[in-house]
Structure formats: C-alpha cells, structure tokens
Amino acid sequence: MLELKELTKSFGGNLILDHLNLQIREGDVLAVIGPSGSGKSTLLRCINFLEKPEKGAITIDGFFLDAEKARRKDIVELRKKTAMVFQQFNLFRQKTALENVMEGLVTVKKFPKNEARDRAAHFLVKVGLEDRMGYYPKHLSGGQQQRVAIARSLAMEPSVLLLDEPTSALDPELVGDVLNTIRMAASEGYTMVLVSHELEFVRNAANRAIFLEHGRIAEDGTPERVFNNPRNERIKAFLTRFYTSRSPEFNI
Ligand code: ADP
Ligand code: MG
C-alpha cells in the first residue's frame with residue numbers, strides 16, 4: 001500500500017531522514033513518535049513531496065516514484081493518492097465549511113458542483129458538523145475547523161491519510177472530538193500515518209508505532225509493545241519523560 005525505500009532528506013547538511021525504509025498495509029494506522037526535531041513532519045511531508053526527498057522511492061497504492069526522477073506530473077499523481085491534515089487546519093478563510101470540503105472535489109477530482117456539494121455535506125455530517133456547513137472558519141472553534149479539515153481529506157478518498165499533530169494546536173477541551181473523528185476514520189479502514197503526542201490515543205487507535213531517531217526507525221511494533229516494552233533505553237527514557245510531563249497520573 002505504502003512503501004518507502006531508502007528515503008533520504010537533509011537540510012543544510014543535516015541528515016534528517018537517513019535511507020529510511022517503511023512498508024505499511026492497507027487499513028494500517030501507523031503512529032510516528034519521536035522527540036521534537038526527529039523528522040516526523042519531514043517524513044510526512046516527503047511522502048507527498050511537500051518536501052522533495054533527495055533520494056529514495058515512494059510507492060503508494062501501486063504508483064511508484066523515484067525521488068531523483070520525479071517530474072511535476074508524477075508529483076501531482078502522487079499527491080492525488082494522499083491527503084494531509086496539518087496542526088494549523090489550513091482552511092480557506094474566505095470559504096465556508098462546505099465550500100472548503102468541496103474545493104478539492106471540484107478542482108482536483110473534477111466533480112460537477114452539485115455532486116461535490118452532496119459529497120462534501122455527507123462528510124461534514126460524518127464528522128458531526130451538519131449544523132455548521134455554512135459557517136466560515138473564523139466562526140468555528142479550532143476543533144470544528146480541524147474536523148472540517150479531516151472531512152475535506154476523507155472526501156478525497158486518499159490511499160493514505162497523513163496527519164501531523166492534528167490536535168496540538170487545540171485547547172484541551174476540544175481535543176476529544178477531533179480524536180473521536182480520527183478514531184472513526186481508523187475504524188472505517190482508512191490507511192493513516194499519524195504523528196501525535198496523544199500517546200494514550202495512539203496506543204488505542206494505531207495498530208503499529210514507529211519511533212524515529214537520527215533519521216531512522218529505532219523501534220517498530222505494536223503500540224502496546226513499543227510503549228510498554230521498548231528495546232532501546234533512550235526510547236524508554238523519552239516515553240517516561242513524556243508521560244510524566246503530560247499526564248503525571250500515568251505510569252509506564
Ligand atoms: P519533528 O516534526 O519531528 O519535530 P521536523 O521534521 O519538523 O521534526 O524537523 C526535523 C529537523 O529538520 C529539525 O532539525 C528541523 O529544524 C529541520 N527542518 C525541518 N524543516 C526544515 C526546513 N524547511 N529547512 C531547514 N530545516 C528544516
Ligand atoms: Mg513536526
């Protein structure tokens with residue numbers, strides 16, 4: 001479904017992704033964890049060429065792309081197979097919730113307007129925003145805006161949904177609804193790569209977790225195994241620090 005081969009990216013001489021190999025299957029929900037600066041966002045952004053990897057290959061749903069040979073039309077094709085949810089929602093401010101979800105359906109998928117509208121409405125209902133379709137982003141809470149962004153992504157039927165800290169910009173009381181929306185998508189079989197610091201959520205929603213360190217995958221396993229029984233001492237220390245700083249009541 002998604003395969004990364006020897007994916008390599010550096011910034012200013014710093015190797016961020018170091019010949020990284022990864023394979024995920026359809027329906028997998030892969031959690032990417034790791035310290036700040038470990039390359040989690042870069043990994044997601046390389047998968048859809050928001051950052052151009054220097055080397056390596058990406059295969060999504062049978063579409064193969066060698067990073068060194070990628071041309072514009074290949075990148076367009078690759079992007080059609082992914083959708084990305086960002087920390088900062090990235091909605092069009094001058095468009096309503098409904099118009100935001102319709103946009104890609106009309107411009108990228110070439111749906112006729114009325115079909116795009118029906119489909120957009122369907123997905124907004126799915127994320128619990130049936131009563132907010134005509135609202136502009138500034139009249140929506142952060143959690144509602146993020147659910148619009150998720151509806152927009154799901155409506156595009158991506159082969160892989162990429163989520164980069166989708167709840168990190170939200171007030172704590174708004175996080176739950178967004179996590180429920182992601183959980184719903186996971187249970188419906190969407191294939192996802194999720195960067196999240198909501199480790200409790202990740203533990204429940206993901207079926208696999210990887211830990212990034214020095215541009216490589218330092219741990220790979222079920223969330224249960226990676227969190228409860230990490231092989232690497234540094235990862236153990238990271239997780240312990242993480243839990244004690246975020247949720248002191250939780251011990252691993
Ligand atoms: P994470 O998401 O795990 O916190 P990032 O992928 O954002 O990490 O960043 C990994 C490293 O790459 C960091 O050292 C960061 O400063 C650097 N980096 C990320 N994006 C850029 C960029 N566009 N230009 C230069 N350096 C970058
Ligand atoms: Mg990041």
Side-chain angles (χ1 to χ4, degrees), residues 2 4-22 24 29-58 60 67-68 70 75 78-79 82-91 142-143 145-146 149-150 153 158 160-172 174-175 178-179 182 192-203 205-206 208-221 223 226-227 230 232 234-246:
L2 169 70
L4 308 178
K5 267 214 154 123
E6 306 280 315
L7 200 70
T8 301
K9 175 74 185 171
S10 35
F11 287 116
N14 293 325
L15 198 52
I16 309 300
L17 302 178
D18 182 6
H19 300 82
L20 191 137
N21 290 300
L22 177 69
I24 67 175
V29 177
L30 174 75
V32 181
I33 55 176
S36 175
S38 59
K40 303 179 296 296
S41 296
T42 303
L43 173 63
L44 257 53
R45 294 168 66 83
C46 281
I47 292 175
N48 63 4
F49 259 73
L50 280 181
E51 297 288 353
K52 186 185 180 308
E54 284 130 54
K55 261 197 200 162
I58 302 169
I60 302 181
E68 288 173 280
I75 295 170
L78 183 79
R79 291 211 179 124
T82 66
M84 183 123 168
V85 174
F86 300 88
Q87 189 175 332
Q88 294 295 345
F89 331 134
N90 289 14
L91 298 179
Q145 289 184 58
Q146 192 59 302
I150 293 170
S153 291
V160 182
L161 181 60
L162 308 168
L163 302 109
D164 193 0
E165 301 199 28
T167 60
S168 296
L170 300 176
D171 293 335
L174 302 177
V175 168
V178 172
L179 294 183
I182 298 169
M192 295 188 210
V193 182
L194 167 69
V195 176
S196 176
H197 292 308
E198 299 289 338
L199 295 190
E200 265 312 285
F201 170 73
V202 158
R203 191 200 282 265
R208 183 172 164 198
I210 59 173
F211 186 95
L212 282 192
E213 193 187 44
H214 306 315
R216 289 178 172 261
I217 296 172
E219 282 279 344
D220 185 350
V226 170
F227 292 167
N232 178 314
R234 270 198 303 278
I235 296 165
K236 212 177 274 183
F238 167 82
L239 290 170
T240 308
R241 244 189 345 267
F242 206 93
Y243 277 121
T244 42
S245 67
R246 298 217 168 207

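In listed order, ligands and their atoms are each counted from 1.
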How far is [atom] from its nearest protein heavy atom, and which residue and atom name does that atom have?
atom: atom 4 (O) of ligand 1; value: Gly37 N, 2.7 Å
atom: atom 9 (O) of ligand 1; value: Thr42 OG1, 3.8 Å
atom: atom 8 (O) of ligand 1; value: Gly39 N, 3.3 Å
atom: atom 7 (O) of ligand 1; value: Ser41 CB, 3.7 Å
atom: atom 12 (O) of ligand 1; value: Ile16 CD1, 3.4 Å
atom: atom 24 (N) of ligand 1; value: Phe11 CD2, 3.5 Å

Proximal ligand 1 atoms for Pro35, defined as those under 4.0 Å from one of its heavy atoms: 3 (O)

Which of the ligand 1 atoms, numbered from 1, are nearer than 4.0 Å to a heavy atom of Ser36: 4 (O)

Min heavy-atom dist Gly34 to ligand 1 below 4.0 Å: no

Within-shell test, Ser38 vs ligand 1, heavy atom, strictly < 4.0 Å: yes

Atom [atom1] of [X] and atom [atom2] of [Y]: how far apart are they, to the nearest 0.5 Å?
X: Ser41; Y: Gln87; atom1: OG; atom2: CD; result: 8.0 Å
X: Leu22; Y: Lys5; atom1: CG; atom2: NZ; result: 12.5 Å
X: Ile210; Y: Leu20; atom1: CD1; atom2: CG; result: 6.5 Å
X: Lys9; Y: Leu15; atom1: NZ; atom2: CG; result: 11.0 Å

Has [X] got a side-chain atom pairing as donor or acceptor with [Y]'s backbone, closer than 3.5 angstrom?
X: Lys52; Y: Ala67; answer: yes
X: Arg79; Y: Phe49; answer: yes
X: Lys40; Y: Pro35; answer: yes
X: Gln146; Y: Phe86; answer: yes
X: Glu54; Y: Ser10; answer: yes
X: Thr8; Y: His19; answer: yes

Atoms of the protein (N/O/S only) found under 2.8 Å from the Mg ion (ligand 2): Ser41 OG

Partner of Phe201 under side chain to side chain contact (heavy atoms under 4.5 Å, CB included), chosen from Leu194, Thr167, Val178, Val175: Leu194

Contact bool for atom 19 (C) of ligand 1 (protein heavy atom, d < 4.0 Å): yes

